[in-house]
Every structure is written in C-alpha cells, then in structure tokens.
Participant: 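My questions all concern the structure below.
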Amino acid sequence: MSIEPFDVVDLIRTKRDRGVLSTAQIQWMIDAYTRGYVADEQMAAMAMAIFLNGMSRDEVRELTLAMVASGTRLDFSGLSKKTTDKHSTGGVGDKITLPLAPLVASFGVAVPQLSGRGLGHTGGTLDKLESIPGWRANVSVDDMMTQLESAGAVVCAAGSGLAPADGKLYALRDITGTVECIPLIASSIMSKKIAEGTAALVLDVKFGSGAFLTDIERSRELAQVMVRLGEDAGVATRAVLTNMNVPLGLAIGNANEVRESVEVLAGGGPADVVALTVELARHMLELAGVVDADVEGALRNGQAMDTWRAMISAQGGDPDATLPVAKESHVVTAERDGVLVEQQALPFGIAAWRLGAGRARKEDPVDHAAGIDLHAKPGDTVVAGQPLFTMSTNDPARFERALEALAGSYRIGEPGDAIETGGPLIAGVVEA
Ligand code: URA
C-alpha cells in the first residue's frame with residue numbers, strides 16, 4: 001500500500017482556521033478525492049471551509065489546474081481553424097448558445113461547445129437541442145474534429161472524462177449548501193473549459209434575480225477570477241456581465257427556445273436575444289482574431305442559418321422537422337389596462353420547470369414541449385384581457401403548481417411608472 005503524503009484532516013483544519021493550502025496539498029487532495037481515498041464527508045467539510053473562509057488567488061488557480069489534471073484534456077491544435085467558445089453561468093430563457101455557435105462558426109472559426117443538461121430552474125442546452133427529432137448529444141472526439149472542420153460548430157455532451165473531480169465535487173456541493181462560492185464556482189467552470197481545450201473563451205456572467213449570484217458586484221468578482229484563471233492557463237478569456245432580472249427573449253422551455261433561436265438565425269427574433277447573441281459573437285470572433293465581422297449581416301443573409309442546418313444535420317437532427325407541441329395550454333391574460341412594469345426571471349424559470357421543462361433529479365426526463373411563451377415584456381402597454389403568457393405542458397396537473405410559482409411575479413402599472421428590469425441587458429465587460 002502506498003503511503004499518502006498528507007492527512008486530509010490536517011488540510012481541513014488548515015482551511016477551517018483560515019490558513020493557506022500549498023500547491024502540493026491541493027494537488028494531492030483533488031487526486032485523492034478522485035481516487036476515492038478522500039471521502040465525500042471530508043470533501044464536504046473542505047468545501048464548507050472554503051465557502052466560509054475563501055481561497056487565495058494561487059489556491060484557486062491550483063485547485064482549477066488539479067481538477068483539469070484529474071481527467072483528459074482535449075487538444076484542437078490539429079484543426080485548420082482557431083477555436084473559440086462561450087460559457088454562460090445560466091439564466092431563464094437563455095438559449096443564446098443555439099444561435100451563437102453557428103453564427104460564430106459561419107466566419108470560419110471552430111466552436112466546440114461541450115454542454116450539460118439542466119438541473120433546477122435554468123435549462124440545459126442539450127435538453128433544448130434534444131427536442132429536435134433525431135438529434136444526438138453524444139459525439140466521439142474523432143467525430144467532433146470532423147464536424148468542426150466541416151460545419152464549424154459542435155454542441156455536444158461533455159464526456160465524464162473531462163475534469164471528473166469537478167463532477168464529483170459539484171454533485172457534493174449541490175447537496176451541502178456550498179454552490180454559491182466564488183472560488184468553487186470559478187474553479188468548477190474553468191476546469192471544464194480549460195480541459196475542453198478551447199483557445200479562446202467568452203464568459204456570459206449573469207446577475208439578477210434569475211442568476212445564481214444575484215448581486216452584480218459578486219458577479220463581477222466571479223468574472224474577474226474566471227478571466228484570470230483562463231488567462232493564466234493560456235486561454236484568451238473575456239467576460240460579459242449580463243442582466244438576468246427578466247427572462248431572456250419570449251420563450252422559456254426547450255422546443256419553444258429552439259423555435260425562437262431559429263427565428264434569430266432567420267434574421268428576426270426578440271431584440272434582447274439578438275443583442276446578446278451579437279455582443280457575444282463579436283467578442284468570440286475578436287478573441288479568435290476575426291475583426292470587423294458583419295455579425296448582424298450573417299443573421300440576415302442566411303450565412304448563420306446554413307451553418308445551423310449543417311451543425312444539426314451532422315448530429316442526426318432534421319432541421320426541417322416539426323418540433324414537439326404540448327397537448328395542453330393555459331393562457332394568462334392582463335386583468336386591467338396599463339403597462340407591464342415587472343416580470344421576474346426566477347419565478348418564470350421555476351414555473352417552466354414545474355410544467356416539465358426542467359428536471360428535479362438528474363435522472364428525470366424532461367418534457368420537451370413544456371414551457372412558457374411570453375406575449376409581453378416589461379415596458380409594453382397592455383389592455384385588459386390581452387394574453388400575457390401561455391403555459392404549455394403534456395401533464396395538466398402541473399398548471400396549478402406553476403401558477404403558484406408565478407404569484408406576484410409580474411405587475412401591471414400605470415404609464416410613467418418605473419420599469420423594474422434592474423438596468424440594461426449588458427452591464428459591462430471584464431478583460432484581463
Ligand atoms: N456551473 C458549474 O459548472 N459549476 C458551478 O460551480 C456552478 C455553475
């Protein structure tokens with residue numbers, strides 16, 4: 001039996017007492033946790049100590065690199081194109097990856113998007129794309145390379161081989177109240193993105209009621225830590241701070257979000273979805289060395305749509321197939337004339353989730369047709385009886401709980417009342 005160089009209890013005590021862990025200690029701890037030598041309850045105590053006492057910049061970097069080293073690392077250097085990717089910290093109605101990946105790839109760069117499934121009120125990109133008949137999330141590394149050379153973009157499941165220590169630790173944090181912690185979030189996200197092997201990365205860091213860090217200053221700090229981690233690991237990284245107080249776009253769900261994304265790729269779609277897609281595309285292209293790209297033009301002239309069709313077809317999907325439609329729907333109307341002054345992201349996300357669009361446990365299926373379509377956004381004038389939003393599901397027993405989640409979440413005021421969106425959609429950019 002090999003002798004272990006450290007005792008994890010000593011390391012937990014160090015962090016509990018606000019000490020600093022060395023590189024060797026962090027590397028050993030993550031390796032020993034991945035091997036199963038350090039037990040879940042010990043790692044849970046460590047996560048709570050980090051949550052309460054924080055980590056130094058060096059510690060966060062070493063934690064991130066140790067999690068990268070716990071698994072395989074993809075290498076796209078053999079591709080004929082530069083790679084650039086995006087990660088969002090998650091929000092309600094956030095379907096931006098769907099129009100963004102083909103839009104950016106249509107300028108001749110490669111977009112390898114390794115994504116996850118949704119858990120809780122923010123949907124997962126793979127769940128959304130799986131509403132397209134035939135579309136497969138699992139792509140081998142060889143097929144990923146081929147698709148990046150041909151279509152230019154691939155959105156697929158991140159295999160369990162990438163940063164497996166993060167997979168274990170994230171599941172543990174989820175059940176121990178240690179998710180909302182900047183060093184742990186930053187190392188978790190960045191370990192996966194560094195292992196994915198992209199040369200450039202744009203982070204969409206959300207703040208507001210529908211984001212998991214509600215306060216903009218905390219989101220800015222998270223963005224700064226992640227940008228530094230990326231740059232330290234040789235990934236050109238930039239972050240955009242974006243407002244998640246109000247749902248993004250008009251669709252919240254899976255199939256309906258695909259529909260909205262296709263509208264954007266056809267040159268239409270809601271203004272906020274278009275604005276964020278264009279902003280993120282510009283940053284991704286700039287980091288990949290493509291300057292002055294006519295990003296809006298590529299949405300209008302079919303260039304991005306052609307790439308979308310190629311990307312969906314390459315993974316077995318039929319871009320022309322009819323998307324699933326729910327058997328039941330329930331329309332909520334305005335009870336009086338006025339102006340819609342408030343529409344809170346979190347309750348709408350929870351309601352869509354309760355309708356079946358999201359899952360409560362990892363193994364639950366999702367109802368691809370379930371969700372909410374908004375017919376008005378904050379600032380819109382409404383008249384009594386006008387539809388405000390439509391809820392859809394295949395299980396009508398779910399309407400009641402969804403409506404409970406929405407109680408008090410939207411408000412009709414008088415013309416001239418303040419519109420409560422919590423500021424502009426794009427609140428700033430964080431660069432190295
Ligand atoms: N997403 C991740 O991948 N990790 C976190 O810690 C939080 C969000």
Side-chain angles (χ1 to χ4, degrees), residues 30 33-34 40 43-44 46-52 54-55 59-61 63-68 70-71 74 85-92 94 96-97 112-127 155-198 201-208 210-215 218-230 233 235 237 239-242 244 345-346 349 353 358-359 362:
I30 294 301
Y33 180 53
T34 312
D40 273 346
M43 205 59 194
M46 176 60 83
M48 186 56 83
I50 294 171
F51 186 100
L52 295 173
M55 277 188 136
E59 285 178 304
V60 182
R61 187 190 59 239
L63 177 62
T64 309
L65 296 179
M67 293 205 290
V68 173
S70 71
L74 296 182
D85 192 11
K86 161 268 183 178
H87 177 86
S88 159
T89 57
V92 177
D94 185 1
I96 300 294
T97 292
Q113 254 280 327
L114 301 184
S115 296
R117 291 196 162 70
L119 195 60
H121 75 277
T122 62
T125 300
L126 301 182
D127 294 322
V155 182
C156 63
S160 54
L162 286 187
D166 173 64
K168 266 186 98 172
L169 182 55
Y170 190 51
L172 191 63
R173 287 167 53 213
D174 214 21
I175 55 166
T176 55
T178 49
V179 169
E180 304 87 349
C181 164
I182 288 175
L184 293 176
I185 299 169
S187 55
S188 166
I189 292 174
M190 292 308 291
S191 64
K192 286 175 286 212
K193 286 292 155 185
I194 294 166
E196 176 194 290
T198 184
L201 176 66
V202 175
L203 298 158
D204 178 359
V205 182
K206 308 275 188 205
F207 63 91
F212 71 109
L213 290 182
T214 52
D215 174 50
R218 296 252 297 149
S219 296
R220 194 187 308 278
E221 194 186 331
L222 174 64
Q224 285 163 344
V225 175
M226 291 199 290
V227 167
R228 271 201 311 255
L229 286 173
V235 181
T237 310
V240 183
L241 293 173
T242 70
M244 193 19 82
L346 181 60
W353 173 50
R359 50 172 72 77
K362 269 213 286 287

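Position 1 is the first residue of the sequence; numbering continues from there. Every number for a ligand or one of its atoms is a count from 1 in the order of the listing. For clarity, every value in this text was computed on a predicted model and none was experimentally measured.
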Participant: Please list, chain by chain and in numerical order, all residues satisfying side chain to side chain contact (heavy atoms under 4.5 Å, CB included) with A44, sequence neighbours excluded.
Facilitator: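 Per chain and number, A44 pairs via side chain to side chain contact (heavy atoms under 4.5 Å, CB included) with L172, T176.
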
Participant: Output, in order, the C-alpha distance, side-chain angles, deciding distance and verdict of side-chain hydrogen bond (donor to acceptor under 3.5 Å, both in side chains) for S88 and D94.
Facilitator: CA-CA 8 Å; S88 159; D94 185 1; 2.6 Å; yes

Participant: Using a 4.0 Å cutoff against the non-hydrogen atoms of I189, which atoms of ligand 1 qualify?
Facilitator: 1 (N), 2 (C), 3 (O), 4 (N)

Participant: Counting both backbone and side chain atoms, is some N or O of R173 under 3.5 Å from an N or O of ligand 1?
Facilitator: yes

Participant: Could you list the atoms of ligand 1 found under 4.0 angstrom from a heavy atom of F212?
Facilitator: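 In order of numbering, the contacting atoms are 7 (C), 8 (C).
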
Participant: Charged N to carboxylate O under 4.0 angstrom, D204 versus K86?
Facilitator: no

Participant: Looking at R218 and E221, does any basic side-chain N land under 4.0 Å from a carboxylate oxygen?
Facilitator: no

Participant: Non-hydrogen atoms of V179 versus ligand 1: any pair closer than 4.0 Å?
Facilitator: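 In this structure, V179 fails to qualify as a contact of ligand 1 - no heavy atom is under 4.0 Å.
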
Participant: Please list the nearest protein heavy atom to atom 3 (O) of ligand 1 with its residue and the distance rounded to 0.1 Å.
Facilitator: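 The closest heavy atom on the protein side is K192 NZ, 2.4 Å.
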
Participant: Could you walk me through whether R220 and L241 pass side chain to side chain contact (heavy atoms under 4.5 Å, CB included), step by step?
Facilitator: CA-CA 7 Å; R220 194 187 308 278; L241 293 173; 3.5 Å; yes

Participant: Below 4.0 angstrom from a heavy atom of S188, which ligand 1 atoms are there? Numbered from 1 as shown, please.
Facilitator: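 In order of number, 2 (C), 3 (O), 4 (N), 5 (C), 6 (O).
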
